[in-house]
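See below for the structure under consideration.
Indexing begins at 1, ligand by ligand and atom by atom, following the structure's order. No hydrogens, no waters, no symmetry mates; every other heavy atom, side chains included, goes into these values.
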Amino acid sequence: MDLAALTDDELISLLSGADFWHTQSVPGLRSVLVSDGPHGLRVQDTAGEHLGILDSAPATCFPPAVTLASSWDEELLSEVGAAVGAEALAAGVAVVLGPGLNIKRHPRCGRNFEYFSEDPLLAGRFAAAMVNGIQSTGVGACLKHFAVNNQESHRFVVDAVLDERTLREIYLAGFEYAVTHSAPRTVMASYNLVNGTYACDNHRLLTEILRDEWGFDGLVMSDWGATNDRVAGVLAGMDLEMPGSAGAFDPELRAALADGRLTRQDLQRCAERLVALVERSPAQLGPAADFEAHDALARRAAAESSVLLTNDGTLPLEPGMKLALIGAFAEQPRFQGSGSSLVNAVKVTTLRDALHERGVEVTYAPGYNADGSAPDPRLLAEAVTAAEDADVVVVMAGLPGTYESEGFDRDHLHLPAEQDTLITAVSAVNPRTVVVLSNGSPVLMPWVDAPAAILEPYLGGQASGAAVADVLFGDVEPGGRLAETFPLEASDVASDAYFPGAPHQVEYREGLAVGYRQEGAPLFAFGHGLGYSTFDVGAVAAEAEVAAGEDAQIVVPVSNTGTRDGSTVLQVYRHDRTGRVPRPRRELVAFAKVRLAAGESRDVSITVPARGFAFWHDGWQIPQGEHALEIGWSSADIRQTVAVTIPGGFTGTVTERDFVAPTPRPVRPYSRVSTIGELSGNPIGKILRQIALRVANYRDSDPATQVMIKRAVEEMPMRGMALFSQGKVSLGMVDALADLANRRPDRVVRSFAGWATRLVAKS
Ligand code: BGC
């Protein structure tokens, strides 16, 4: 493909999509299709849909990232990735828009279900495994959302302000790992700003760090509607505006080319990356997807990722007991989150169906309304009666869809109050009560000690009911370990006071104190999870000295001391004893998932990468002196410790620096990046909101999507009207509306004159 042969306009056309999901074609270059992701395909038949949440073609709905991450099993993540890739290949999709690997800074983030962990090592390793799986099929993957996109509130306009060390060690480290260990074909630049610059305009992030430091050689695309300043974006290395905006930015690109702010080489650099992506993309459709096999994989993945939080021995259940099944989620399951990742599942197995298929007789009582609507004392009473009469009770509880979704954050971490009441009441009449949760992020458990067992299978994908039954009856052991901390209260979370910040600025004042890196006792610790067997670790062997920059090797003897085959996860944390730098008490540096037969013992070799000792201080530094490696079952349950001394390395000392926050951008004067919500007191804003709500046409969507769309209308910057209107509204019109709202009629007249001139010139 000879880009030099293209006209300027053809070249410019390549830098944005042809429609909602396709890239542009020019003579000699075909167009390719990209689709959400990440835990199943969402291929839409409509090209120009406004907000992208219409029904999509049926696909396997695998468990989302929160669940898969709890498996701590990279092979499983790769297998799921390969299955999603195979479905993509069959559907003619060149790039699956995922995985998402943003850090769970606060459990209130509504999109946490779509992310892996609060820990960058886990996020990076699991994302890399998923990318490797997807790309093994020939289809490309897309790491998203780059970067520091850790909340849904104000996501289109908020500036994430953080210090360099926190940025590197927590928020970029996972992306760095995934880029350097899986070579994803694409990366998606997020909506928000990072330290004052939109991610899509951010040369430092997209070129200096992503490409120059980490060696990324793929294409960067914008999140949908995230493009801010296309000229700055081209210079920053943001190659592809998505979705296509019918050329909304083209006049600005042409003007920049004409006045020398951009050269043809600048445009060609972006276009070359698109050409490379298209040339690497499969040209033929793959064979039809094997939905049966994928359903079986979804089931296995969900079961192996389930985390058993507590158990007094009631689980696994013995066959033949009289079982009461309580909870509307047993019939109307919550198995995935809402928003752009919503998969139209090929089939759904509920827990009630799964128990029926096994021939297990149950007394069923819904107990509450699945949609979280008003408490119903009649349902509660009926459930308590059913519980009284049973040998064992299974209560399915969790968050209704409107509680957590892409597009908005949770206001609190509670379950619906009627579910807390139900669990307490049922456990009181029957102590052999097992609570099974359906949620995409931690919930508070004021009743934690009341039930006999608590199983956290999170959102289990389409086969969630079958997977839960497999675990309850012990066909599969709950192999999951928490990839996040469950706090006792939301206010215990270090970022709580700063989350989600103000519309234009969120300050990451808690720095490195994210999840288990902060002090204090949680409800359930990061890494926690029980199996159906028991394990023990013996004295760990390690070299006493490791040169700075070299990996450390350790050998951990581990035994299955129980009577069942099972798995465990050996977690290795580093405790820096050098005193040279303030650091979290412990940080995960390595792990190994180990499967052992009943009574079996094995020596497990684990590599602790040199990076595990490093901290950021004008580059990665390894402090000279003694470090402890702590091996345990969770961040709060350490069983063995071994000392390692690093002779060379950083010999200085570093102290905490003050957090300096800039003044947030003022609301006025209004501009393209003002949100409709900000204009709400203004007559222009009122009209715009009415138009936007009408265009969004959301009333037929599910309740969670309705909330998300209403929120998006309030929070979307005005430029979105141009980017999503398929050419009906230009950026010039948006600027003019902002001027009108600013009561600058002189500018409005100038803008109108500008359009008129362009319009005449065009015709
Ligand atoms: C989401 C992305 C998604 C895109 C396309 C955006 O709103 O943030 O994750 O891939 O829409 O649906």
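Per-residue contacts place R42 under 4.0 angstrom from the following atoms of ligand 1 (heavy atoms of the residue considered): 12 (O). For ligand 1, the atoms closer than 4.0 angstrom to any heavy atom of M188 are 10 (O). Near H145, with a cut-off below 4.0 Å to any heavy atom, the atoms of ligand 1 are 2 (C), 8 (O), 9 (O). Of all atoms in ligand 1, listed by their number and element, those nearer than 4.0 Å to a heavy atom of W21 are 5 (C), 12 (O). Here is the list of ligand 1 atoms found below 4.0 Å of a heavy atom in R155: 7 (O), 8 (O). In summary, the atoms of ligand 1 found under 4.0 Å from a heavy atom of E406, numbered by their order in the structure, are 1 (C), 6 (C), 7 (O), 8 (O).
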Name every donor-acceptor pair, under 3.5 Å, that has one atom in a side chain of residues 83-99 and the other anywhere in the protein, sequence neighbours excluded.
from	atom 1	to	atom 2	distance (Å)
E87	OE1	T60	N	3.0
E87	OE2	T60	OG1	2.4
E87	OE2	H294	ND1	2.7

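Geometric assessment of R672 against the ring of Y198 yields a negative cation-pi assignment under the 6.0 Å and 45° thresholds. Cation-pi geometry between R108 and F499 is not met at under 6.0 angstrom from the ring centre and within 45 degrees of the axis.
The shortest N or O to N or O distance between K144 and ligand 1 is below 3.5 Å.
Contacts with ligand 1 closer than 4.0 Å are made by no heavy atom of M242, backbone or side chain. Contacts of F156 with ligand 1, taken as heavy-atom pairs under 4.0 Å, are absent altogether.
Under a 4.0 angstrom heavy-atom cut-off, E114 registers as lying outside contact with ligand 1. Using 4.0 Å as the threshold, R111 has a heavy atom nearer than that to some atom of ligand 1.
Checked by atom type and distance alone, the side chain of S495 never pairs as donor or acceptor with a backbone atom of Y498 at under 3.5 Å. In terms of modelled atom types and a separation under 3.5 Å, the side chain of D73 and the main chain of L76 share a donor-acceptor contact. No donor-acceptor pair closer than 3.5 Å links the side chain of S338 to the backbone N or O of T705.
To the nearest 0.5 Å, the span separating CD on E404 from CG on D409 amounts to 11.0 Å.
Considering only heavy atoms from C-beta on, K144 stays 4.5 Å or farther from Y115 through its side chain.
Nearest-heavy-atom check against atom 6 (C) of ligand 1 across D223, L342, V34, V96 picks out D223.
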